[in-house]
Amino acid sequence: MKKYIPSAVEPKWQKKWEEDGMYKAYDFDKRKKFYCLIEFPYPSGAGLHVGHVRSWSAMDAYSRKKRMEGYNVLYPIGWDAFGLPAENYAISLGVHPSEIVPKNIAKFKTQCKAIGLSFDWSREIDTTDPKYYKWTQWIFLKFFEKSLAYQADVPVNWCPSCKTNLADEEVLADGTHERCGIMTEKRMQKQWLLRITQYADKLLEDLKTVDYPKMVAEQQINWIGRKEGINITYKVKDSKEEVVCFTTRPDTNFGATFIVLGPEHPIILKLTKDKYLEEVKKYIKKTTSKSEIERIAEGRKKTGVFTGSYAINNLNNKLMPIWISDFVLGHVGTGAVVGVPGHDKRDFEFAKEFGLEIIRVVVGKDGDTSAITRIEQVQEEEGKMINSEFLDDLDIREATKKVMDYLEKKGFGKRVVSYHLRDWVFSRQHYWGEPIPIIHCSKCGLVPVPEKDLPVELPYLKKYEPSGTGQSPLANAKEWVNVPCPKCGGKAKRETDTMPNWAGSNWYFLRYLDPLNDKEIAGEEKMAYWMPVDIYQGGFEHTTLHLLYSRFVYKFLYDIGVAPTSEPYAKRRPHGIVLGPDGRKMSKSFGNVINPDDIINQYGADTLRIYEMFMGPFDQINVWNEDGVNGVYHFLQRVWLLYDKLDPIKTSLSREDLMIMHKTIKKVSGDIENIKFNTAVASMMEWLNYLSRKEKVSKEEYKTFLLLLAPFAPHITEELWESIGEKYSIHQPRLNRGQQSWPKFDKKYLEEEEVSVVVQINGKVRDILVIEKDILNNKEVIEKMAKQSHKVQKFLAGNSVKKTVYVPGKIISFAV
RNA sequence: GCUGGGAUGGUGGAAUGGUAGACACGAUAGGUUUAGGACCUAUUGCUCGUAAGAGCGUGGAGGUUCAAAUCCUCUUCCCAGCACCA
């Protein structure tokens, strides 16, 4: 047979598949539906990354297998083209984003097709298309209608480089912007927010109903950060004011020796005695102007000032001095903390710094009941209560319940639930995004753009760079901004902020179901047919961003009767990133970027696809290795050459032939289902090694081999399928007229006729017996055979067997 | 500090209580080739040994078990996320 030249095979089939509409999904088809989703990309100027290729070709293999199994598979793609990256890229080139985006999309599309991905191109979407973002704006109006979208003055994370504010989720732990790496600043600004906190409990609770990796679910749970505690109200001596403190550990309240207010707390000035006023004001000024960098640089050294006032502990009427310190954060709990230095490390440090009393109310791990003098003795959990009157001798959990009941009964406190999750800052002062469809009228206030006037199209602005003043560049589009109020007809102005880049991706998976619908977001019946997404493949980095956001938006759509299910994604599976050959993240500046086009030119798309699946476990970080690519190319060449061994005469298969064939069918089927592509490919290689050693390969084996390989290497298998005289595509049983589909294994060929049984003595392998299947369960015979073995006798001599364990078909173990 | 994940040959990795190292890369030797590459065959965890064989071996220490990479306890290091979160 002629040589394997990928470039002679691949484009030919890509063209044919497109002409035949091979990978279309059919709405309402009788076959079982399967919705396979990948995270749609931001079409960057750099073109496809090998990481995209890995994730998409793996899910492509998954989709192809499902189709061969007879499912009606939806595997769509689109473009998430609004947002900062597209805008910054356009600025760097000095052109308009609306010119750049279509070019980038065209490039991505060409590349996707060159890889042979089986996307249903008839459902392609683009978030910057007004026909698409009409519905992104519509969703916003629904949020507004239900009072879940609102404006408020909030401290925002300002990125001085990108000149916009950001959501908390977009700022990393060190205070830098996740995209550009520049340190952000806190600013007060009027912003649009979405009330995601109202969905905190549902987002938490319903994690139980979906199949997410543990790591992903845990991360969302942590981010939502639900905590049950109590707000305790303390009276202030000689004052009408009260201080409310949130705590999850009211059991330790007999150990409370002071109160700390965060510097933003509103009642500080009312509580401060004249004598201390100047110092307090100075402290507040100093701490509130402190930047994130300064805070981190300072470490955890405690600072603070005394107000001169005292709060009264409800439990024992003890006076507790009220202090101010910036270790108490304004946005956490009630912005005020009751200081229990014996059982909280921060409180201990504060008490030490300012010489405040430290009392132990929980017995230490080692039974220690003495006064606490060192931070190592501070203990936050475990033990029994002491020095706590009616709580003494109780376990901390019992004490917590008892004291909460007591405080509530007496009216000193109220059980509350607190969350780490904050409302979602949803406006950006940037050009390249969906305009927020709201009109500001001096008479009527905030007026939503009527649904019939959607979409509010983004006007073409020549000068679209961010102003840096905190105002969107859209404010300069006077003609666009000035509109009559839809309510009263008077003079009014459009909202000039745009939505964040997450807006379009919140709901895109619904638009694939009905991309041309101009009456609604998507047809109700189509949504009911396709939803939920059966498997959603995406990166870990979106766990508390896109994945959480889109769950929230979808749940809202469900609650207003638009979406058909309570959760959008039945199953989530993550992928690991692909690093450059030097083990570093691929980046132009390191010069370690692998361009998929180069690999396709040199080795072909099938090699690229299989290599990326074979390189390691799918959810792990993998380093690119050119030698590995060559290894896979070698494998496909050997597949190609196998054709020469095809036996034209019908021959029957040996028992061994059948066993390895059925074993491989089982392994590959199971591994694809479990996202273990690396071992699926390995077992194909094993079978190929076996087949290559044979004189002749039967047609049955050959066809089965090609069918199993088809999801991984769609081009070469299609070509070889044709070479053996098959008329229809290997990929689509529907077009195959049901002639051939995904192979099934037969259990009877998985059992071996002769089984090797390992003989162990004291856990060490000493011999291997080959046993006929029919005496497998006869322990006596096996035991006798084992003892007769020369190798075994050597080790048994002079010892008596104390115990014998026999696991049929596997092992016989002697303890001597 | 908290939460989650991880550590296996020269390398990527396989094996989730039952023959550790599948598969691939690399390496070594031989074959083939005008040469290089490509291809084919064999070997390849470590130590001792000409060999037969023996001992050791899954970050470290201990435990459960006839049997542990796998389960339990402690511990070291690495990765990810969160973090003065009350």
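Just so it is clear, the structure is predicted and the values come from calculations on it, not from any experiment. Basis for what follows: all heavy atoms, side chains included, without hydrogens, waters or symmetry-related copies. Chain identifiers are assigned alphabetically (A, B, ...) following the order of the sequence lines, protein sequences preceding nucleic acid strands; residue numbering begins at 1 within each chain.
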Peer 1: Side chain of A:Asn625 only, please: which of B:G5, B:C25, B:C84 is the nearest?
Peer 2: B:C25
Peer 1: Does any nucleotide pair with B:C39 by Watson-Crick or G-U wobble geometry, both distances under 3.5 Å, and what is it?
Peer 2: B:G31
Peer 1: Base, sugar-phosphate, or nothing for A:Ser756, non-hydrogen atoms under 4.0 angstrom?
Peer 2: base
Peer 1: Between B:A24, B:A86, B:A22, which one does the side chain of A:Glu686 approach most closely?
Peer 2: B:A22
Peer 1: Between A:Arg573 and A:Asp211, is the closest basic N to carboxylate O distance under 4.0 Å?
Peer 2: yes
Peer 1: Touch check for A:Gln760, heavy atoms < 4.0 angstrom, all strands: base, sugar-phosphate only, or nothing?
Peer 2: base
Peer 1: Nearest to the side chain of A:Val805, heavy atoms from C-beta on, is which of B:C82, B:A14, B:G18?
Peer 2: B:G18
Peer 1: What's the gap between B:G49 and B:C56 when it is taken at their C1' atoms, as a whole Å value?
Peer 2: 15 Å
Peer 1: Verify the contact: side-chain N or O of A:Lys227 to OP1 or OP2 of B:A86, cut-off strictly under 4.0 Å; return yes or no.
Peer 2: yes
Peer 1: In residues 667-680 of chain A, what residues come within less than 4.0 Å of RNA chain B, judged by heavy atoms?
Peer 2: A:Lys676, A:Asn678, A:Thr679
Peer 1: Are more than 12 heavy atoms, taken from residues, nucleotides or ligands other than A:Lys571, located less than 6.0 Å from that residue's NZ atom?
Peer 2: yes
Peer 1: May I ask you to verify if any side-chain N or O of A:Lys764 is less than 4.0 angstrom from the OP1 or OP2 atom of B:C56?
Peer 2: yes
Peer 1: Rounded to whole Å, how long is the line connecting atom CD1 of A:Ile660 with atom P of B:C23?
Peer 2: 10 Å
Peer 1: With both distances under 3.5 Å as the test, what is the Watson-Crick or G-U wobble partner of B:G9?
Peer 2: none
Peer 1: Side chain of A:Asp326 only, heavy atoms from C-beta on: which candidate in B:C84, B:G18, B:C82 is closest?
Peer 2: B:C84
Peer 1: As a test of the definition: with a 90° window around 0 for syn, would you call B:G45 syn or anti?
Peer 2: anti
Peer 1: Taking atom C1' of B:G12 as reference, at what distance in whole Å does atom CZ of A:Phe618 sit?
Peer 2: 17 Å
Peer 1: For the side chain of A:Val328, counting heavy atoms from C-beta on, which of B:A86, B:A24, B:C66 is nearest?
Peer 2: B:A86
Peer 1: Going by atom types only, do A:Asn625 and A:Tyr611 share a side-chain donor-acceptor pair under 3.5 Å?
Peer 2: no
Peer 1: Could you give the OH-to-P distance, from A:Tyr212 to B:G5, as a whole number of Å?
Peer 2: 18 Å
Peer 1: Counting side-chain heavy atoms from C-beta on, which of B:U3, B:G12, B:U19 comes nearest to A:Glu218?
Peer 2: B:U3
Peer 1: Which sits closer to the 5' end of RNA chain B, A:Ala815 or A:Gln620, going by the nucleotide each is nearest to?
Peer 2: A:Gln620
Peer 1: Suppose you measure atom P in B:C79 against the same atom in B:C71; what distance do you get, rounded to whole Å?
Peer 2: 23 Å
Peer 1: Does the side chain of A:His546 pick up a donor-acceptor pair with the side chain of A:Glu39 at under 3.5 Å?
Peer 2: no
Peer 1: Could you measure between the two C1' atoms, the one in B:A68 and the one in B:U58, and give it in whole Å?
Peer 2: 11 Å
Peer 1: Is A:Val765 touching bases, backbone alone, or none of the nucleic acid, heavy atoms closer than 4.0 Å?
Peer 2: sugar-phosphate
Peer 1: Less than 4.0 angstrom from a charged side-chain N to a carboxylate O is my criterion; do A:Glu783 and A:Lys787 meet it?
Peer 2: yes
Peer 1: Determine whether the side chains of A:Ser55 and A:Gln537 contain a donor N or O and an acceptor N or O closer than 3.5 Å.
Peer 2: yes
Peer 1: Of the nucleotides B:C82, B:A86, B:U19, which has the atom closest to the A:Thr248 side chain?
Peer 2: B:A86
Peer 1: Answer yes or no: are there more than 12 heavy-atom neighbours, outside A:Glu656 itself, under 6.0 Å from its atom CD?
Peer 2: no
Peer 1: A:Arg226 near the nucleic acid: base, sugar-phosphate alone, or nothing, with a heavy-atom cut-off under 4.0 Å?
Peer 2: nothing
Peer 1: Looking only at the side chain of A:Met215 (C-beta and beyond, no hydrogens), which of the listed nucleotides B:G5, B:C82, B:C84 gets closest?
Peer 2: B:G5
Peer 1: Quick check on A:Lys696: does its NZ atom have over 12 non-hydrogen neighbours (other residues, nucleotides or ligands) under 6.0 Å away?
Peer 2: yes
Peer 1: It should be established whether A:Lys810 places a side-chain nitrogen or oxygen under 4.0 Å from OP1 or OP2 of nucleotide B:G18.
Peer 2: no
Peer 1: Strictly by Watson-Crick or wobble contacts shorter than 3.5 Å, is anything paired with B:U44, and which nucleotide is it?
Peer 2: B:G26
Peer 1: If I take atom CD in residue A:Glu783 and atom C1' in nucleotide B:C66, what distance separates them, rounded to the nearest angstrom?
Peer 2: 12 Å
Peer 1: Quantified in whole Å, what is the P atom distance between nucleotide B:G12 and nucleotide B:G26?
Peer 2: 15 Å
Peer 1: Quick one about A:Tyr212 and A:Gln219 (side-chain donor to acceptor, distance below 3.5 Å, no hydrogens or angles considered), yes or no?
Peer 2: no
Peer 1: With the side chain of A:Asn222 defined as its heavy atoms from C-beta on, choose the nearest nucleotide among B:C23, B:G18, B:G81.
Peer 2: B:G81
Peer 1: For the C1' atoms, the ones on B:G13 and on B:U8, what distance do you get once it is rounded to whole angstrom?
Peer 2: 9 Å
Peer 1: Map A:Asp347 and A:Gly631 onto RNA chain B by nearest heavy atom, then report which one ends up closer to the 5' terminus.
Peer 2: A:Gly631
Peer 1: Looking at every strand, decide which applies to A:Asp344 at a 4.0 Å heavy-atom threshold: base, sugar-phosphate, or nothing.
Peer 2: nothing
Peer 1: Is atom NZ of A:Lys663 surrounded by more than 12 heavy atoms (other residues, nucleotides or ligands) closer than 6.0 Å?
Peer 2: no
Peer 1: If I pick the P atom on B:U43 and the same atom on B:G59, what distance separates them, to the nearest angstrom?
Peer 2: 28 Å
Peer 1: For every nucleotide of nucleotides 29-41 of chain B, 5' to 3': is a protein heavy atom under 4.0 Å from its base (B), only from its sugar-phosphate (S), or from neither (-)?
Peer 2: ----------SS-
Peer 1: Atom CE of A:Met320 to atom P of B:A86: distance rounded to whole Å?
Peer 2: 19 Å
